[in-house]
Amino acid sequence: MLKVNNIVKVFNPHTVNEKIALNGVDLELKSGDFVTVIGGNGAGKSTLLNCVAGVHHVEQGSIVIDGTDVTKLPEHKRAKFIGRVFQDPMMGTAATMQIEENLALAARRGKMRLLGPGITKKERESYREQLKILDLGLENRMTAKVGLLSGGQRQALTLLMATLQQPKLLLLDEHTAALDPKTAAKVLETTEKIVSKNNLTTLMITHNMRDAIAYGNRLIMMHEGRIVVDVRGEEKKNLTVEQLMGLFSKTSGTEIANDKLLLS
Amino acid sequence: MTSFLNALPSAVAQGLIWGIMAIGVYITYRLLDVSDLTVDGSFCTGGAVCAVMIVAGYNVWLSMAVAFVVGMATGLVTGLLNTKLGIPPILAGILTQLGLWSVNLAIMDMKANQPLNVNNYKLIVSLRYLQDVVKGDRPFYMYPLLTVGLFTVGIILVLYWFFGTELGASLRATGANSNMARAQGINTNVNKVLGLMISNGLVALSGALLAQYQSFADINMGRGAIVIGLAAVIIGEVLFGKLFRNFGLKLLAVSIGAVIYYVVIQAVISMLDINSNYMKLISAVIVAIFLAVPHLRSKIFSGKGVNVKAGKEKNNVKGQ
């Protein structure tokens, strides 16, 4: 479903601040794979997702989604294939627009937008049903501005928006990191529910090792712009946080110095 | 006082004409979240194109349609400077505005003024019609307040429809959160350009109406237009923000805001008997006061921790 071939991303090239964010990343996801991504700050996790989404263009290598080479496509054209939820709850929704308007915008991802109605009666009914899945009571507040919602509600809504039109690929960039533990757990639970129901190919960054092990069928660890650990199937299921930390220090040659990675 | 009352219908009519321009400003300032300074130039462009064409013998409706299209072209220039060449929107608008000064003179055959005598041409609105209708020399439907009022309502209805379509909604999303818009497959650059085009088309149309109303187009007629537009937007929001939640009514509030602004200016000038050269200063002061209201209001009511920037009371929701 996703083929990332040897991509390189350099920020501020030819300056003193030059940073090689991705240094030859290869990654292949099969249809239905749910891959969790961990790694320290600056490991290149977010850059990888942003390169796949088209926020950044890569210096080298190629990105293929479901047989289509998207390497040169701009962000808004890749959106046809990709659903995204961001770390910042403010980023995924339009605060000054209504819940149903946000959903209607998302329902038209990858389609021509001309002078047809921005939202229809039939759509409203369908959104009402789908909002019930989130179990947040949003189905009764469909004309409320999204700006009135809490961070957790907004992330759950963004998640629904990302999957309203079945994406070829779902990218979750630490989408629970800005939430309190209880809300984060609930949003993750919803994520799992939506991903498995639609059998979505998913790439999820997390700072939480326990979540990284608990969710998905494959786990990759990044370090200094490379994928250094890649475990799947049974091996991943039986992984413990201690083993994962061991793997980290072995491959990267450093101890985990990041509190966020340890706390779980 | 009597001079002010006598001038009232004229002031209201002019306010309504400026209101159409202000609706254009609302589209960029509120929906796209851009302060577009093209307006000062494109307003005159609209007036100049319309006046020159009518004098050349073209039909008045055709002249206004062309003014609208040329206005859209000015927005296109600003939009392309911004999206294709990466020039910040405010600077892009200033550049277009500057260039338009020469273009506007060229349109008027290098004259600073293009007369448009109401006696010689069939115009849609004119200051003269105010008295003519009262005297019974012309039918009631030519009364400028009615004509411009109908124009305003028509424009609001079309915009209400447009911003409810898929394309219109994507345009609002572009202004509300461009990251989200791109993630939902919206080409934000195209939408920014489109918004600037629609906005400046309306601004030029407003200029075309004013040129007819005052019987001339003038190279300076658009000077300070953006300030009047912002004043109308802010006055409308400060006075009707709580009352009008519907998108169409919000546009109406902008139009009413322009009328109030214009009437207040006229009142100040005629009552205090001020030299009309002070008008720009008075305008600036009035706009500064209204821009500061949301900021000061939140400061007074919430004590510390002011978050509202001057003039930034965001309203983007359509319908309720």
Side-chain angles (χ1 to χ4, degrees), chain A residues 49-50 53-55 73-86 88-120 123 142-148 154 157-158 161-162 164-165 167 171 173, chain B residues 26-27 29-34 83-84 86 157-195 198 237 241 245-248 250 307-309 312-320:
Chain A
L49 252 64
N50 284 335
V55 179
L73 284 188
E75 190 183 356
H76 70 269
K77 286 201 176 143
R78 289 192 209 185
K80 187 173 160 191
F81 309 107
I82 301 171
R84 282 153 76 192
V85 185
F86 310 90
D88 180 358
M90 303 297 150
M91 215 159 140
T93 47
T96 51
M97 294 172 81
Q98 301 167 356
I99 293 178
E100 60 178 32
E101 286 180 320
N102 272 273
L103 286 165
L105 284 166
R108 286 161 179 74
R109 182 160 46 76
K111 291 184 181 159
M112 276 284 264
R113 293 166 208 262
L114 295 170
L115 298 178
I119 183 168
T120 63
E123 278 178 77
M142 284 177 47
T143 55
K145 283 189 203 179
V146 170
L148 299 170
R154 286 179 78 157
L157 178 65
T158 311
M161 285 165 61
L164 208 51
Q165 256 234 62
L171 302 178
D173 187 357
Chain B
Y26 181 91
I27 291 172
Y29 186 65
R30 277 291 178 245
L31 298 188
L32 282 183
D33 204 14
V34 173
T83 57
K84 292 286 174 203
L157 287 176
V158 171
L159 290 176
Y160 182 82
W161 163 77
F162 175 73
F163 283 104
T165 64
E166 294 173 320
L167 183 61
S170 79
L171 209 145
R172 285 186 293 135
T174 299
N177 182 349
S178 58
N179 278 313
M180 173 268 195
R182 277 190 298 275
Q184 301 305 341
I186 293 166
N187 189 337
T188 49
N189 280 343
V190 165
N191 276 1
K192 272 185 212 160
V193 175
L194 182 65
I198 296 171
E237 281 175 1
R245 293 280 174 195
N246 178 291
F247 180 72
K250 279 180 182 166
N307 285 322
V308 183
K309 260 200 234 159
K312 283 278 167 189
E313 231 175 3
K314 267 209 155 183
N315 288 307
N316 187 326
V317 176
K318 186 173 193 289
Q320 192 69 279

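In the text below, chain A, chain B and the rest are named by the order of the sequence lines, each starting its count at 1.
With respect to chain B, the highest number of heavy-atom pairs below 4.5 Å among A/Ala79, A/Gly116, A/Ala94 belongs to A/Gly116. Note on A/Pro74, A/Ala104, A/Gly118: by heavy-atom pairs under 4.5 Å with chain B, the leading option is A/Gly118.
Between B/Arg172 and A/Met97 the shortest side-chain heavy-atom distance falls below 4.5 Å. Inter-residue side-chain proximity for A/Met90 and B/Asn177 is flagged as unmet; no heavy-atom pair is nearer than 4.5 Å.
Just one residue in the list A/Arg108, A/Arg109, A/Arg113 forms a side chain to side chain contact (heavy atoms under 4.5 Å, CB included) with B/Ile186, and that residue is A/Arg113. Here the rule is side chain to side chain contact (heavy atoms under 4.5 Å, CB included) with B/Gln184, and of A/Met161, A/Arg84, A/Gln165 only A/Met161 fits it.
Of the inter-residue distances, the one linking B/Thr165 atom OG1 with A/Leu114 atom CG reads 8.5 Å to the nearest 0.5 angstrom. We find the NE2-OG distance between A/His76 and B/Ser178 to be 13.0 Å, quoted to the nearest 0.5 Å. Expressed to the nearest 0.5 Å, how far CH2 of B/Trp161 lies from CG of A/Leu115 amounts to 4.0 Å.
The parts of A/Ala106 that come within reach of chain B are both its backbone and its side chain, each placing non-hydrogen atoms under 4.5 angstrom from that chain.
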Decide side chain to side chain contact (heavy atoms under 4.5 Å, CB included) for A/Leu105 and B/Met180; before the verdict, give the C-alpha distance in whole Å, the side-chain angles of both, and the deciding distance to 0.1 Å.
CA-CA 10 Å; A/Leu105 284 166; B/Met180 173 268 195; 3.7 Å; yes
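Salt bridge annotation for B/Glu166-A/Lys111: absent, with no cationic side-chain nitrogen under 4.0 angstrom from a carboxylate oxygen.
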